[in-house]
Amino acid sequence: MKFHKIPTLSNYIYALILFLVFTGPYSFASTFIQVEIQQQNQYREFKGKVVDSNTGNDITLAVLNLQGTNISTITNSDGEFSIKIPISIKEGAIKISYLGYQSKILPLSDFKTENTQIELSEVVEELPEISLLDHGNATELVRAMMDKRGENYSDQKDIITAFYRESIQKRRRNVSLSEAVVKVLKQPYTSGKKDQISIFKARKRTDYERLDTLALKLRGGPYNTVFLDVMKYPEFLFTGVISDNFNFKLDNVTRINNKLVYIVNFNENDTSQPWYSGKLYIDSESLALIKANFSMNVEDRDRASRIFVKKKPSAAYVYPVDVVYQVDYRESNGKWYYSYSRAQLEFVVNWDNKLFNSRYTLTGEMAVTDREKFSNGNLKNTDQFISSSVVMVDDVSGFTDRDFWGDQNIIEPEKSIQNAIEKIQRNIKKDPQ
């Protein structure tokens, strides 16, 4: 399997791309389109937590899906969830699933508006001996996975509704928070056309006092996470010839949603510049990629800095120290669909005239909450598509409105983000704009 060699990752928005500039709090000059549509649909909201039945530990990124629909959400890092169901749906059941655990299906009547506790049990079984006789070796398995993209993934245009969150932390404190509900025109996996994104509703707030007069602009916004769909954009990860550029090794087998799954470790062979390694989770029957976790080795600080940092003050030396990615897919009626992705970049800023450095963590994540087949009626105004070089605008209102999201499903804020939102609300009330 051969892909076009990309000259450098920095030519794309695939990675978290950072702008560092001296600026005042209100001197950003980026464009951003916000479309606010009044929510008229009534809904019921259920909240709770998903935990390990044995240990009681929180289960992060468990998927909750209303059976028979494309309505879904995921748990946050504290295992907490919120899911909104149209009031017109009187009866139904929600499937809760997570890697390595036995899935559970519960009727809506078991869910409460608050404090719904769901326990999942780890899958404990004797898995079969690892066998790749049908695929030759791990490299052949990955090659077959790529060859079957057109068969395993959506071959039609879809409109997906998704929740996007982008945060910047200084040490452990949130200093910037962006959230948006987006509509994505998802192109067929057999098409070379790129996906397009429209902002449905958004809000953002930045605490400039804690940025040391350093303003961080993250170019790409929601595109950072959409382009992590490696089955749609394999050229952003698997460049060149797979067998020449990567080393693949079968790790183990597991089960995800009662499906037997191969786990394949991979490493990029060319380590002369920042390189990738990680794990691929491949369904043993369809050979579809259903999950990928990978990272970029950034030990070469100078090369890594040139990839991610596009502009910076001359007195600052900026370099990444940790770059990790994740993408998940979900199966429906025999086809696999992009479901969730996350990109996290930790970097350090050293100043010529300062004794101590500053450490920041940038995180972007997107969770698909609904999906429908594209038609001329469900995405009317193509002029509202944002550019892939967009920078989320500063200080979009909405943090004081507890019903801001209406009937849109979102990722429930984790504790640190919830604390940041509460602080934002207090500050806005003290100093209304």
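Keep in mind the model is a prediction, meaning the values are calculated, not measured.
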Heavy-atom distance under 4.5 Å between the side chains of [X] and [Y], does that happen here?
X: Y98; Y: T75; value: no
X: Q169; Y: R359; value: no
X: I159; Y: L185; value: yes
X: M366; Y: V182; value: yes
X: I197; Y: V226; value: yes
X: Y340; Y: I74; value: yes
X: S178; Y: R203; value: no
X: I263; Y: V253; value: no

Say you draw a straight line from [atom1] of [X] to [atom2] of [Y]; how long is it, rounded to the nearest 0.5 Å?
X: M296; Y: L345; atom1: CE; atom2: CG; value: 9.5 Å
X: L61; Y: I411; atom1: CG; atom2: CD1; value: 8.0 Å
X: F163; Y: E365; atom1: CZ; atom2: CD; value: 8.0 Å
X: S72; Y: L64; atom1: OG; atom2: CG; value: 9.0 Å
X: K204; Y: S176; atom1: NZ; atom2: OG; value: 4.0 Å
X: T361; Y: D322; atom1: OG1; atom2: CG; value: 8.5 Å

For this session: On the 0 to 90° scale, with breaks at 30° and 60°, tag the Y233-F236 ring pair as parallel, tilted or perpendicular.
Result: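 The arrangement is parallel - the two ring planes meet at less than 30°.
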
For this session: Quick one: sort the Y360 and F347 rings into parallel, tilted or perpendicular, breaks at 30° and 60°.
Result: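 Rings of Y360 and F347: parallel, under 30°.
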
Problem set entry | Cation-pi check, R371 onto Y337 ring (under 6.0 Å, within 45° of axis) |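 Judged by the rule (NZ or CZ under 6.0 Å from the ring centre, within 45° of its axis), R371 counts as positioned above Y337.
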
For this session: Report yes or no: is the cationic atom of K249 (NZ for Lys, CZ for Arg) under 6.0 Å from the centre of the six-membered ring of F266, at an angle within 45° of the ring normal?
Result: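 Pair K249/F266 does not count as cation-pi.
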
Sidechain N-carboxylate O distance under 4.0 Å for [X], [Y]:
X: E80; Y: K47; answer: no
X: K49; Y: D58; answer: yes
X: D195; Y: K186; answer: yes
X: K373; Y: D158; answer: no

Pair [X]-[Y], side-chain donor/acceptor within less than 3.5 Å:
X: E45; Y: Y43; result: no
X: K183; Y: T161; result: yes
X: N265; Y: K279; result: yes
X: Q117; Y: N115; result: no

For this session: Decide if the gap between the ring center of Y189 and the ring center of W336 is smaller than 6.0 angstrom.
Result: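 Centroid distance Y189-W336: not below 6.0 Å, so no.
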
Problem set entry | Aromatic ring proximity Y153/Y329, centre distance under 6.0 Å |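 So the answer is yes for these two rings.
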
For this session: Grab the two heavy atoms, one from T363 and one from Q344, that are nearest each other, plus how far apart they are.
Result: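 Looks like OG1-OE1, 3.4 Å.
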
For this session: Starting from the C-alpha separation in whole Å, work towards a yes-or-no answer on side chain to side chain donor-acceptor pair (under 3.5 Å) for S121 and S53.
Result: CA-CA 5 Å; S121 300; S53 61; 2.9 Å; yes

